[in-house]
Every structure is written in C-alpha cells, then in structure tokens.
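Take a look at the structure set out below.
All values below come from the heavy atoms of this structure, side chains included, with hydrogens, waters and symmetry mates left out.
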Amino acid sequence: MSNSQITIKKVETKKELKQFIRFNYELYKDNKYAVPDFLEDTLDTFNPEKNAAYEFCTSEQFLAYKDGKIVGRVAAIINDKANKTWNVKNVRFGWIDFIDDIEVSKALIDAVSQWGKERGMENVVGPLGFTDMDPEGMLIEGFDQLSTMATIYNYPYYPVHMEKLGFQKEVGWVERKVTIPREGHHAQDQKFFRMAEIVKKRSNLHVRKFKNVDEIKKLNYGQKVFNVINKAYAPLYGFSELTPRQIDTYVDNYLRFIDMRLLTLVENEQNEVVAMGVGMGSLSYALQKAKGKLFPFGWWHLLRTLKCKSGRSEYLDLLLVGVIPEYQGKGVNAMLFADLIPIGAEMGFKWAETHLQLEDNNKSQDQWAYLECEIHKKRNCYTKPL
C-alpha cells in the first residue's frame, strides 16, 4: 500500500516487530514526559503464543516509511468477543505513532481501515488495545504531565490529525493526581476514614491482605481478584471479559512485581471478594533511564525502583480499582483507600496516579470526593465509519 511518498508495510518478521516497538522510543526519546514502550513486554503482547487475547482477537501491525525511513506505526485489531458483546463491527487501531505529517497518519489509518473492511468491519475506533488491560485513549490534555507505564503519551498534534481525518469522539477518560495524606491526618479527623469504618460495620466486610504471590496462587485468589474486574468493568466501554488463561498470565507475569502491601481486597461475611485495589510504585523514570529495555542494563533501574527505598518514585500508580456491581455506590471504595493510603504514606509516596476512568462514570468519579486531587490528564477514543 502507498500514499504519495508514504509506503505502508505489514510487519512480518521479528526484526520488523522490534522496529515497530522501538519507533515509539525514537520518536519520544527527547521528551521528558513520555514513557517508552517496554520492549520485552510488548514483544509478548504481539506474540499469539504468549498473549491469551489472541484466542478471540486478530491483529496485524503496519509500519509507514518515507524516503526509506520509518515515520509511523499502527496496530490493527479485531476483538471478536467485544464486538459480539456490544453488537458492533469495529476494527481497532492501537499503538499508533507518527510524525507530524497528515499524509503519514492518513496512510496508517487507511491501512487499518482497509484491513478491517476486508474482514467485514463497519467502523474504525481507537486508540484501543486488544483488551482494557492494554494502553488506550489518545491524550488531549496533560501533555506537560509525566506519563505512566500503563498509559499512552502522545504529542499534541495527534488529536488534531484525528479531527482532520474525519474522526469524532466516541468516549473520554480522565486521570487524577491524588495527594496522599501525610502524617497528622488522623483517621478520626477524616470523613473518608470514618466512612470506611461505617461501611465495614454496616455491610459486615473485612480487608484481606497477602504475604506473597505464592499465597495468592495457593489459595486460588488470582481468579477471584480478576473476576472482580470482570464484573466491575463489564458495563464499561468496549470491555471484553478476561479469560482464565488471561488471568493466569496476569498473575504469573505482573502480580509478582507488586509489593503485596499495595494489594488490598475487601471480602464479605462469606469471604467472597467484592472489591480490589492494587498499586505499584511508578516505573516511569526507571523505564526512561532503561530506554524501554530490560537488557542489558535496564533491569537494574527497574529493580532499584521496585526494591530499594532510596530509588523509589514519589508517585504511586493505582493500576486497578474495582467493586462488583451489587456493592457499588455503598462506600466500599473507602475501605480500599483507607487501607492503601496509610501504607502508601508510610512507604514515602506523595502522590497517586489514578487509572483511566470514563468521564461519564459518576460512580467512579464520586469515589475521589473526600481526597485532595485534580484531573490532570484527559484522553479520547475516536471513531469513524468505514
């Protein structure tokens, strides 16, 4: 496929896939707010043998060339499960990056659109990943804010290109920077903490903690934890239920990096998990120093941030927070944060970065009412009929 001086090539070899991943680093290596794709992790994401989402997704990746040089990239994805769940025929575009040249962005979107048309799709939407566990949403505000490992950073010209190419906003997300209360903010003085105690007694709930990942696996809590996500996120835009194999992958590959102090579950009288919250010290600076690669020396920066107090970031990334539907709107979130906040403060974190929240999800937005915070990033998902 070609467009003017732009040539689009499908990624077919491991070398080309590495070029696809590293283009993001090259485009943003001088930007102090961008966090590079993690090479080894992203290689696994596009490996059907390692990414369980390929059980219900198909994907191709494309590179854009101009004068023999890579100037853009994009992944085309069809999530059959999500399409069936939401009764749509959408082809997703994700991992999209391009220089500030409308011919490049147009050629990339045209490649995704053509690929989707050939497979019977009716709309192109994005940026989205295989599932909600992948980075999604194009940044439209907060370009001067440090990105996170789990989110997308992009230049301000990206959404301008989307509008020029005829895309319209499908949904929007917001992210918050939350100030973690310091010493002197006693529980009895805080409405937030008092609410947690009331909810705990009224609904006969209790907090569940773990010593290590082996305990989680031994007691089969991995499935229980992520089943909360399946239930809590089911009504949210574009969500597709996580399979047992996906859950096992997340437990094996990601929970082992989590400091167990930052994993909190809330259970009812029957010891059923009704809510979960998990955080991780920000790896943003470590990934920048590692240049997005584990080897040869990137592991040292990551390990120092994860294991050494002196190397720990001042930011805590709230990766996932979920409450099953029958307990939503009852203040259960307060129990999660009443446990995590003192721990985060003791560990030296000053701020927390929230995960993406749909801007019209009032239940999710209301949970921050009693904390000092600000919306510091906004992002959109765009759509266009084919």
Side-chain angles (χ1 to χ4, degrees), residues 1 8-25 36-64 70 72-86 88-97 108-109 111-121 123-136 149-152 217 222-223 226-227 229-230 233 238-257 292-295 319-320 381:
M1 285 175 278
I8 297 294
K9 187 179 188 302
K10 184 173 73 173
V11 171
E12 296 180 306
T13 67
K14 188 171 182 179
K15 178 182 177 181
E16 290 171 342
L17 181 57
K18 286 185 177 180
Q19 292 174 327
F20 174 93
I21 297 168
R22 297 305 285 169
F23 176 71
N24 174 268
Y25 172 75
D37 289 352
F38 191 19
L39 175 63
E40 289 80 3
D41 187 54
T42 313
L43 282 171
D44 287 348
T45 297
F46 290 106
N47 184 339
E49 294 182 1
K50 294 188 176 182
N51 185 356
Y54 273 97
E55 292 176 354
F56 50 89
C57 292
T58 53
S59 175
E60 295 284 3
Q61 301 82 50
F62 300 94
L63 287 168
I70 297 174
R73 68 168 190 175
V74 71
I77 302 164
I78 296 175
N79 182 324
D80 291 324
K81 184 187 289 187
N83 280 351
K84 183 177 180 180
T85 298
W86 298 96
V88 294
K89 293 183 178 180
N90 290 343
V91 55
R92 303 176 172 201
F93 67 89
W95 285 272
I96 186 167
D97 285 302
L108 290 169
I109 292 297
V112 174
S113 300
Q114 182 61 34
W115 186 83
K117 281 182 180 179
E118 292 170 356
R119 288 154 181 81
M121 298 299 105
N123 303 285
V124 57
V125 298
L128 294 171
F130 289 86
T131 72
D132 272 10
M133 305 301 285
D134 297 316
E136 57 189 5
M149 179 179 69
T151 59
I152 297 169
K217 296 175 73 172
Q223 296 289 330
F226 283 96
N227 279 337
I229 298 302
N230 275 338
Y233 288 25
F239 183 75
S240 58
E241 182 177 318
L242 300 173
T243 66
R245 185 184 161 206
Q246 283 181 285
I247 292 173
D248 286 342
T249 299
Y250 292 128
V251 172
D252 290 338
N253 294 349
Y254 299 109
L255 280 189
R256 62 191 173 95
F257 291 111
K293 295 192 293 183
L294 189 59
F295 302 106
L319 302 178
L320 290 171
C381 173

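The existence of a salt bridge linking K9 and E16 is confirmed by a sub-4.0 Å separation between a basic side-chain nitrogen and an acidic carboxylate oxygen.
In this structure, a donor-acceptor pair under 3.5 Å is absent between the side chains of D37 and T42.
Between the side chain of N47 and the backbone N or O of L43, no donor-acceptor pair lies under 3.5 Å. With hydrogens and angles disregarded, a donor-acceptor distance shorter than 3.5 Å links the side chain of W86 to the backbone of F239. When atom types are taken as modelled, the side chain of D97 and the backbone of R73 share no donor-acceptor pair closer than 3.5 angstrom. The closest donor-acceptor contact from the side chain of K81 to the backbone of E241 lies under 3.5 Å.
Rounding to the nearest 0.5 angstrom, the gap separating the CG atom in N51 from the OG1 atom in T45 is 6.0 Å. Here E136 contributes atom CD and T151 contributes atom OG1; the two are 10.5 Å apart, rounded to the nearest 0.5 Å. Separating the NZ atom in K117 from the NZ atom in K89 is a distance of 14.5 Å, to the nearest 0.5 Å.
Remark: E118 CD is packed, more than 12 non-hydrogen atoms of other residues, nucleotides or ligands lying under 6.0 Å away.
Among all heavy-atom pairs drawn from L63 and F20, the shortest one is CD2-CA, 3.7 Å. When every heavy atom of I96 is checked against every heavy atom of I109, the shortest pair comes out as CD1-CD1, 3.9 Å. Residues Q19 and I70 come closest through the heavy atom pair CB-CD1, 3.8 Å. When all heavy atoms of I77 and S59 are compared, the closest pair comes out as CG1-OG, 3.7 Å. What you find for G238 and R92 is that their closest heavy atoms are O-NH2, 3.0 Å. Nearest heavy atoms, G222 versus I247: O-CG2, 3.6 Å.
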message: Go through it in stages, so that I can follow the logic: the residues are D44 and F38, the test is side-chain contact (heavy atoms from CB on, under 4.5 Å), and I'd like the CA-CA distance, side-chain angles, deciding distance and then a yes or no.
response: CA-CA 10 Å; D44 287 348; F38 191 19; over 6 Å; no
- request: Give the intermediate values and the outcome of side-chain contact (heavy atoms from CB on, under 4.5 Å) for residues N24 and W95.
  value: CA-CA 9 Å; N24 174 268; W95 285 272; over 6 Å; no
task: Just do the side-chain contact (heavy atoms from CB on, under 4.5 Å) check on V88 and M121 with the steps written out, would you?
output: CA-CA 8 Å; V88 294; M121 298 299 105; over 6 Å; no
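Aromatic ring centroids of F46 and F130 lie under 6.0 Å apart.
The shortest distance between side-chain heavy atoms of S240 and T85 does not fall below 4.5 Å. You'll find the side chain of M133 reaches within 4.5 Å of the side chain of L320, heavy atoms only. At a threshold of 4.5 Å between non-hydrogen side-chain atoms, the residues I8 and L108 count as touching. Residues D252 and K217 form a side-chain contact, since some pair of their non-hydrogen atoms from C-beta on lies under 4.5 Å apart. Side chains of L39 and Y25 form no contact here, defined as non-hydrogen atoms less than 4.5 Å apart.
Q246 pairs by the side-chain contact (heavy atoms from CB on, under 4.5 Å) definition with A52, A53, F56, T131, L242, T243, Y250, not counting sequence neighbours.
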